[in-house]
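Below you'll find the structure, written out as structure tokens, and then a few comments.
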Amino acid sequence: MMALLDGRFGKGIFISATGTELGKTVLASGIAHWMHIHKLGATALWKPVQSGVELGTVEADSYRLLKGSGLTNVGERELVTWTLREPLAPWAAAKREGLEISMSELVVEGERRLQASDRLVVEGAGGVAVPLQARHTMADLAAALQLPMLIVAAPLLGTVSHTVTAVQYARSRGVKDVAVVFGAMLFKPTAEWNKAAYEQQLHENTEMIELLAEVPVVGAVPYLPHPNRIDEDLWINWRKDWLRETAHLTTLHDWLNARL
Ligand SMILES: Nc1ncnc2c1ncn2[C@@H]1O[C@H](COP(=O)(O)OP(=O)(O)OP(=O)(O)O)[C@@H](O)[C@H]1O
Ligand SMILES: C[C@H](N)[C@H](N)CCCCCC(=O)O
Ligand SMILES: [Mg+2]
């Protein structure tokens, strides 16, 4: 088992999802913050491609990764390799600008970033099968870098089939070490919200996904949206809230500690 986890290039994880807008950036920034606070050495973040956003805006993954993690040894520009205008799969967004993303260059860059830090958290774009270049997907990049993959899944109805197929796809492309975590973006806990029913559904979904995909489901991220303003105090508070609200996620933390 350890041989499987000893990647050639260093320690890292690749955060992917069953689809887009499911909470990868929130989770990646929170994990990096947790690592930054609890581990010695340098934690680094990498977003190979972001699309549909502009650098320096609060919507940009690069900005939210930087502020959510609280990393200070890096600038926003260095966190991200490609920033593309159109809110599309990277391959298509690049084509709209007359550009082509080179998968092999991204792999070389990933190797370099893995070597340059003590642990690297990589955030994909969209889900596991989203293309970076013709026939090369997020799962291919994770596989080429020999990174364990954490797949963010929706916590609600419809997730079982999406998650089982995403796990199988990632494995079919060569990702050997996969786990699933439920995100929290599709619901808001209101006064009418039935916590017990929600938790029962999470429990049942966990059981089905673990059985059908033979994959560990390592927890559920709490409801904690990123601030929607460029305001340092809001981000400082978000980071504090993240540490407090995720302190109980021991299965997720054990999974991360074994890999980062
Ligand atoms: N745990 C959470 N609690 C509350 N809201 C969340 C949570 N995770 C994500 N969200 C909200 O859902 C939206 C989408 O989340 P996020 O940007 O992290 O998704 P993503 O998977 O990174 O998307 P992309 O594929 O564009 O990179 C954001 O507005 C975010 O604040
Ligand atoms: C714009 C969006 N938020 C992401 N940056 C890109 C998502 C690409 C999804 C492509 C797809 O699965 O159809
Ligand atoms: Mg994101």
Side-chain angles (χ1 to χ4, degrees), residues 14-34 45-55 57-69 76 79-97 101 121-134 136-139 141 149-156 159 162-163 165-166 169-170 180-190 193 198 202 219-230 234-235 237-239 241-246 248-249 252:
F14 193 103
I15 300 191
S16 192
T18 60
T20 188
E21 299 278 309
L22 290 180
K24 294 183 302 297
T25 306
V26 167
L27 180 67
S29 68
I31 286 174
H33 181 56
W34 183 77
L45 275 163
W46 182 36
K47 176 86 182 178
V49 186
Q50 60 184 353
S51 62
V53 291
E54 261 178 63
L55 276 171
T57 61
V58 72
E59 292 79 28
D61 288 54
S62 48
Y63 180 85
R64 295 169 52 211
L65 287 170
L66 188 67
K67 296 299 170 184
S69 65
E76 185 189 345
L79 280 186
V80 60
T81 303
W82 291 83
T83 298
L84 301 164
R85 263 194 311 276
E86 298 294 331
L88 299 169
W91 180 34
K95 268 207 285 192
R96 292 267 185 113
E97 296 185 38
I101 295 167
V121 178
V122 185
E123 185 198 344
V128 284
V130 166
L132 289 150
Q133 193 187 20
H136 295 301
T137 66
M138 295 297 156
L141 180 58
M149 180 181 275
L150 190 53
I151 295 181
V152 182
L156 301 173
T159 199
H162 285 154
T163 308
T165 51
Y169 175 83
V180 169
V181 64
F182 289 116
M185 53 291 133
L186 295 178
F187 81 101
K188 191 171 181 153
T190 58
W193 178 62
Y198 178 75
L202 275 185
V221 176
Y223 184 81
L224 212 56
H226 267 164
N228 55 10
R229 277 192 287 135
I230 295 184
L234 290 179
W235 287 93
N237 287 334
W238 185 86
R239 296 197 293 267
D241 290 348
W242 176 269
L243 292 181
R244 194 186 55 250
E245 298 288 321
T246 59
H248 67 285
L249 294 178
L252 172 64

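Ligands are counted one by one from 1 in listed order, and the atoms in each one are counted from 1 as well. Note that this is a predicted model, so its numbers are computed, not measured. Here, residue 1 is the first one in the sequence, and each next residue gets the next number. Atoms considered below: every heavy atom in the structure, side chains included; atoms not considered: hydrogens, waters and symmetry mates.
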Would you confirm whether any non-hydrogen atom of the protein falls under 4.0 Å from atom 29 (O) of ligand 1?
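Under the 4.0 Å cut-off, atom 29 (O) of ligand 1 has no protein heavy-atom neighbours at all.
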Nearest-0.5 Å distance, OG1 of residue Thr57 to CD1 of residue Ile230
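Thr57 OG1 to Ile230 CD1: 7.0 Å, rounded to 0.5 Å.
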Rounded distance (nearest 0.5 Å) linking atom CG of Leu252 with atom CH2 of Trp34
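It is 7.5 Å, given to the nearest 0.5 Å.
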Residues Val130, Trp91; criterion side-chain contact (heavy atoms from CB on, under 4.5 Å); working and verdict:
CA-CA 8 Å; Val130 166; Trp91 180 34; over 6 Å; no
Out of Glu21, Gln50, Glu245, indicate the one that has the non-hydrogen atom closest to atom 14 (C) of ligand 1.
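The nearest heavy atom belongs to Glu21.
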Counting heavy atoms only, name the option from Arg64, Glu123, Met138, Lys47 that's nearest to atom 16 (P) of ligand 1.
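Selected option, by shortest heavy-atom distance: Arg64.
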I'd like to verify the contacts: list protein N, O or S atoms under a distance of 2.8 Å from the Mg ion (ligand 3).
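Within the sphere that stays under 2.8 Å of the Mg ion (ligand 3), the protein atoms of type N, O or S are Thr25 OG1, Asp61 OD2, Glu123 OE2.
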As a test of reading the model: which N/O atoms of the protein lie under 3.5 Å from N/O atoms of ligand 2, and at what distance?
residue: ligand 2; atom: 3 (N); partner: Thr20; partner atom: OG1; Å: 3.4
residue: ligand 2; atom: 3 (N); partner: Glu21; partner atom: OE2; Å: 3.3
residue: ligand 2; atom: 5 (N); partner: Ser51; partner atom: O; Å: 3.4
residue: ligand 2; atom: 5 (N); partner: Ser51; partner atom: OG; Å: 3.1

For [X], is at least one N or O under 3.5 Å away from an N or O on ligand 1?
{"X": "Gly126", "answer": "yes"}
{"X": "Ala125", "answer": "no"}
{"X": "Thr20", "answer": "yes"}
{"X": "Leu22", "answer": "yes"}
{"X": "Leu224", "answer": "yes"}

Side chain, backbone, both or neither: Pro222 near ligand 1, heavy atoms under 4.0 Å:
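It is the backbone that touches ligand 1; the side chain stays farther off.
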Hey, is Asp61 touching ligand 1 through its side chain, its backbone, both or neither, going by heavy atoms under 4.0 Å?
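For Asp61, the contact with ligand 1 is made by the side chain alone.
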Pair Thr83, Glu54: side-chain N/O donor-acceptor within cut-off below 3.5 Å:
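Per modelled atom types, Thr83 and Glu54 side chains form no pair under 3.5 Å.
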Can you check whether Pro155's main-chain N or O pairs, donor with acceptor, with Thr159's side chain at less than 3.5 Å?
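Checking the backbone N and O of Pro155 against the side chain of Thr159, no donor-acceptor pair under 3.5 Å is found.
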Would the distance check show the side chain of Glu123 and the main-chain N or O of Ile15 forming a donor-acceptor pair, the cut-off being under 3.5 Å?
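Checking the backbone N and O of Ile15 against the side chain of Glu123, no donor-acceptor pair under 3.5 Å is found.
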I'd like to check which ligand 1 atoms, numbered from 1 as shown, lie under 4.0 Å from a non-hydrogen atom of His226.
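With His226 as reference, the close atoms of ligand 1 come out as 31 (O).
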For ligand 1, which atoms, with element, lie under 4.0 Å from some heavy atom of Val221?
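Listed by number with element: 1 (N).
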For residues Trp235 and His226, establish whether the separation of their ring centroids is below 6.0 Å.
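They qualify: ring centres under 6.0 Å apart.
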